[in-house]
Amino acid sequence: MQSKNIVFAILLLLPLTAAYAETPIFHLVIKDHLFFPSDFEVPANTKVKLLLHNQDASAEEFESYELNREKVIEGGRKAVIFIGPLPPGDYPFFGEFYPKTAQGIIRVK
């Protein structure tokens, strides 16, 4: 009976594992208080993973009101932010600590 429960639990988790493995990853670099790329496209109706790498010595905060996300990334560190699934549209983001230079747009298509 216990082996049937284990098999049942594995079968329930397989779709979750497959979905996680298929999550598209997009790399975003912070350098000289700018985001690179500052404008990029992600697929609509799909959960995506943003991998941010702050190459500056100082901290920066990724912030987006439209995405309802904010995350501080210390200098020289990396961070992960999941977004979506999102409908098509443009979703601006900015760096809270350097908002005049650190700006970008995620285009969902």
In Å, rounded to the nearest 0.5 Å, how long is the span from CZ of Phe62 to NZ of Lys71?
-> 11.5 Å
In terms of heavy-atom contacts, Ile73 and Ala79 come closest through CG1-CB, 3.5 Å
Same cluster for Tyr91 and Val48 if Ile/Leu/Val/Met/Phe/Trp/Tyr side chains link at under 4.5 Å?
-> yes
Do the non-hydrogen side-chain atoms of Phe36 and Leu28 ever get within less than 4.5 Å of each other?
-> no
Using the ring of each side chain (for Trp, its six-membered ring), is Tyr98 parallel, tilted or perpendicular to His33, with breaks at 30° and 60°?
-> parallel
State, with a plain yes or no, whether a side-chain heavy atom of Glu66 is found less than 4.5 Å away from one of Pro92.
-> yes
How close do Asp90 and Arg107 get, heavy atom to heavy atom, and via which atoms?
-> OD2-NH1, 2.6 Å
Going hydrophobic residue to hydrophobic residue with side-chain gaps under 4.5 angstrom, can you get from Phe82 over to Leu51?
-> yes
Could you pull out the closest heavy-atom pair between Ile106 and Leu50, with the gap in Å?
-> CD1-CD1, 4.0 Å
Find out whether Pro24 and Val42 are in side-chain contact, i.e. whether some heavy atom of one side chain is under 4.5 Å from a heavy atom of the other.
-> no
Nearest heavy-atom contact between Ser38 and Phe93 is O-CZ, 4.1 Å
Pairwise side-chain contact, Val80 with Lys49, heavy-atom cut-off 4.5 Å (strictly under) = yes
Nearest non-hydrogen partners of Asn45 and Pro85, listed with the distance = C-CB, 3.4 Å
Asn68 atom CG, over 12 foreign heavy atoms within 6.0 Å | no
Are Phe40 and Ile105 connected, step by step, through hydrophobic side chains (Ile, Leu, Val, Met, Phe, Trp, Tyr) whose heavy atoms are closer than 4.5 Å?
-> no
Start with the C-alpha distance between Lys31 and Asp56, add both sets of side-chain angles, then the distance that settles salt bridge (Lys or Arg N to Asp or Glu O under 4.0 Å), and finish with yes or no.
-> CA-CA 5 Å; Lys31 184 175 170 105; Asp56 288 338; over 6 Å; no
Nearest heavy-atom neighbours spanning Ile81 and Leu52 = CD1-CD1, 3.8 Å
Taking Glu60 for the side chain and Phe97 for the main chain, is one N or O donor matched with an acceptor at less than 3.5 Å?
-> yes
Should Arg77 and Asn54 count as side-chain neighbours, where that means a heavy-atom distance under 4.5 Å?
-> no
With the side chain counted from C-beta on, respond yes when Glu70 and Glu96 share a heavy-atom pair under 4.5 Å apart, and no when they do not.
-> no
Side-chain contact test, heavy atoms from C-beta onward, threshold under 4.5 Å: evaluate it for Val29 versus Phe35 and give yes or no.
-> no
